[in-house]
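Read the structure below first, then the notes.
Everything numeric in this text was worked out from a predicted model, so none of it was measured. Order of the sequence lines sets the chain letters (A, B, ...), proteins ahead of strands, with each chain counted from 1.
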There are 2 protein chains.
Amino acid sequence: LNGISQDIITIALDAMGGDNAPVNDVAGAVKTVRETEHINIILVGQQDIVERELKKHSYNTSRISVHHCSEVIGMHESPAEALKKKPDSSIVIGTNLLKQKKADAFISAGNTGAVMAASLFILGRISNISRPTIGESFPTDEGVSIVFDVGANMDCKALHLLEFAVMGVVYANHMFNIPNPRVALLNVGEEKSKGNSLTFDAYRLLENSGLNFIGNLEGRDVLRGKAEVIVCDGFTGNVILKFAESIPAVLKGKFMQYAKKNFLNKMWVGLIYKTLKKILKDFDYQNYGGVPLLGIKGITIIGHGSSSPLAIKNMCLKAELMFREKINNVIEEKIKDIKSYIQKSE
Amino acid sequence: LNGISQDIITIALDAMGGDNAPVNDVAGAVKTVRETEHINIILVGQQDIVERELKKHSYNTSRISVHHCSEVIGMHESPAEALKKKPDSSIVIGTNLLKQKKADAFISAGNTGAVMAASLFILGRISNISRPTIGESFPTDEGVSIVFDVGANMDCKALHLLEFAVMGVVYANHMFNIPNPRVALLNVGEEKSKGNSLTFDAYRLLENSGLNFIGNLEGRDVLRGKAEVIVCDGFTGNVILKFAESIPAVLKGKFMQYAKKNFLNKMWVGLIYKTLKKILKDFDYQNYGGVPLLGIKGITIIGHGSSSPLAIKNMCLKAELMFREKINNVIEEKIKDIKSYIQKSE
């Protein structure tokens, strides 16, 4: 963060979000103010419950405040309905704090769909972005590959994939310090003619976009570090992400099955278990600390329902970096440039 | 195969197909006639080359014959073009042997698209099947989950997914001896309302199909044995399959990286390497012996380009079982029943 202003930023944190609310949210807030210097937190939630939880911790009380709201949106409620029915919920109120510039970012481990919908309706989209996106980072031997979209957009058009690519490039560039991120299209073969009607159109758009587009990648390439930004429709991305997340448990299951066969196997597996756990940690995407919803006018980060206090703190750090890097301004400029570049070359 | 007629069946085998043609194809043919009793093989390919290769082996010469053809379709040729340009290729000629009832099945480790196209154009579709499909079996703790489609159909409609489900159920029933296979729709959430427009429509069709439909499964459930038949469009299925196939190499890479850190780690990884290899074998889908193209009037099995002689033999055994179980007749009956059931209940 050299040379960037180190003013205090204020993060609105959904205290009622996630499977362990408010315990993990409050512990995450405390961990953040203890371990950082420039982040203050507004915990958004039912005042009595949040304050009771806060009392269990010692921390600099001037850096965490509580903003009361009376309602909570459940993890499995229908987003659109919940937003209408619960205007005084932590997700709506937290997003409004961002809209009113009383907070610089909003973070929630709550109902993903509701957070996305609230951001979209209350904050609105960045100009020239028709579809906000969420991406997930897959660690590779080379560094990181970020797949956009992993679930915000089910039915996509080629233009949406172009927008994902632009937002992805800005994100990879500013958040991971990658100078000229390579962009690839997730597809079923390397050839330009492969795929479905979406990838057919998206290929043509991407190759004429001026982005560092390297062509198609297949499912087998996602973890191989061939591109920093991989774009696909949110249905495919979500299926892939959840499949990948299941790998550690599946492998543990296989090792256990192998161990059950005989005593020697059992001994072996016992011996290697710790090593295995270390190695499988890479697949544990949920500990990385949430994913931003890119393309909206504001910084919103969505965490897994199971987010630990560490994950909450990582989400706060991510929000701080996004804020200081002015990600949204850069996206707004870049998408304008790319769209006018494409129009000129047509 | 109790009680089923054990007449000799004849399999046309593409001797020019795959990365190691004709070496692995010929070795696979020899392995098959040596290790089975009721399969004879016609090797389809350039006579001099195939016979030269055959001479390296000893086998019952009355059970393997060579059917000459002058042309070969390369692994990366465009299927439609190749079929037009090369009417005397092993893929076209082998499929014609099936059409002319000179063979009971056709097997190829060659150009997948070309084999599919040849089957579709030369043999035609089973009545009431609009889209033939290929599926891949994923081993689970419970047994097997077969995903249809994994690459034959890029842009799908709900009706196609219903057809995949019907073919999948017949296949799981007759090839894996599963009495009433559970059918699931691959989706991004459990709720009926989740997903894209395709899964929205397909859910409604499947739940009223009379099949044993258990609802949506997510990416994380594919390897968990919750359903024997999982349907999705061929784009998503192909991306998932190739992602899964990459896991062993990715994990090996991670272990190697871990080993490089220090001597103790290196020793550990050395000790566990064999165990690890055994456990990762399950992800090695290409050794299972090819996938059938279901929904065409004939038995066609397509193998990986890298098919070993063992994989070729496994493909022959699969073809034999499909033949003896009269899979295509059963599919024809079942799809007729299901479609009339759906019409009646509408």
Side-chain angles (χ1 to χ4, degrees), chain A residues 76 78 113 140-141 150-151 153-156 186-191 193-200 218-224 232-247 249-251 253-258 265 268-269 271-272 274-276 278-280 282-283, chain B residues 76 78 113 140-141 150-151 153-156 186-191 193-200 218-224 232-247 249-251 253-258 265 268-269 271-272 274-276 278-280 282-283:
Chain A
H76 296 288
S78 155
T140 69
D141 292 352
V150 294
N153 303 284
M154 289 296 118
D155 290 292
C156 292
L186 188 60
N187 208 332
V188 301
E190 284 180 17
E191 303 87 340
S193 61
K194 287 274 181 177
N196 56 20
S197 53
L198 171 65
T199 60
F200 188 86
E218 299 179 64
R220 66 169 66 99
D221 304 314
V222 171
L223 301 177
R224 286 190 181 156
C232 62
D233 66 276
F235 182 87
T236 306
N238 187 276
V239 169
I240 277 279
L241 171 62
K242 287 180 180 161
F243 186 88
E245 285 178 341
S246 78
I247 298 293
V250 168
L251 281 170
K254 284 193 195 302
F255 274 93
M256 290 306 132
Q257 231 179 3
Y258 178 82
N265 284 7
W268 266 124
V269 170
L271 282 170
I272 66 177
K274 270 197 177 169
T275 307
L276 187 73
K278 266 184 214 156
I279 284 165
L280 292 181
D282 269 7
F283 286 94
Chain B
H76 297 288
S78 155
T140 70
D141 291 352
V150 295
N153 302 284
M154 289 298 117
D155 291 292
C156 291
L186 188 60
N187 209 331
V188 301
E190 283 180 17
E191 303 88 340
S193 60
K194 288 274 180 176
N196 55 20
S197 53
L198 170 65
T199 61
F200 188 87
E218 299 180 64
R220 65 169 67 98
D221 303 314
V222 171
L223 300 178
R224 285 187 182 160
C232 62
D233 67 275
F235 183 86
T236 306
N238 186 275
V239 168
I240 278 278
L241 171 63
K242 286 180 181 161
F243 186 88
E245 285 178 340
S246 78
I247 298 293
V250 168
L251 281 169
K254 283 193 195 302
F255 273 93
M256 290 305 132
Q257 231 178 3
Y258 177 82
N265 284 7
W268 265 123
V269 172
L271 282 170
I272 66 177
K274 269 196 179 172
T275 307
L276 187 74
K278 268 184 212 155
I279 285 165
L280 292 181
D282 270 6
F283 286 94

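Within 6.0 Å of the CZ atom in B:Phe200, the count of heavy atoms belonging to other residues, nucleotides or ligands does not exceed 12. Applying the 6.0 Å contact sphere to CD of B:Glu190 captures no more than 12 heavy atoms from other residues, nucleotides or ligands.
With respect to chain B, the highest number of heavy-atom pairs below 4.5 Å among A:Leu198, A:Leu280, A:Ile240, A:Thr140 belongs to A:Ile240. Contact count against chain A (heavy-atom pairs under 4.5 Å) is highest for B:Gly195 among B:Gly195, B:Ala249, B:Gly253. Counting heavy-atom pairs closer than 4.5 Å to chain B, the top residue among A:Asp221, A:Asn265, A:Val269, A:Asn187 is A:Asn187. Comparing A:Val222, A:Asp233, A:Asp155 by how many heavy-atom pairs each has under 4.5 Å with chain B, the most go to A:Asp155. Per-residue counts of heavy-atom pairs under 4.5 Å with chain B were compared for A:His76, A:Gln257, A:Lys194; the largest is that of A:Gln257.
Heavy-atom distances place both the backbone and the side chain of B:Leu186 under 4.5 Å from chain A. Both the backbone and the side chain of A:Phe235 come within less than 4.5 Å of a heavy atom in chain B. If you measure heavy-atom distances from A:Ser193 to chain B, you find no contacts under 4.5 Å at all. With a 4.5 Å cut-off on non-hydrogen atoms, A:Lys278 touches chain B through its side chain but not through its backbone.
The heavy-atom pair separating A:Phe243 from B:Ala244 by the smallest distance is CZ-CB, 3.6 Å.
At distances below 3.5 Å, at least one donor-acceptor pair connects side-chain atoms of B:Lys242 with backbone N or O atoms of A:Val188.
Two residues are said to be in side-chain contact when any heavy atoms from C-beta on lie closer than 4.5 Å; A:Ile247 and B:Val250 fail this criterion.
In this structure, the separation between CG on A:Leu241 and CZ on B:Arg220 is 8.5 Å, given to the nearest 0.5 Å.
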Under the side-chain contact (heavy atoms from CB on, under 4.5 Å) rule, what do A:Val239 and B:Val239 come out as? Steps first, then yes or no, please.
CA-CA 9 Å; A:Val239 169; B:Val239 168; over 6 Å; no
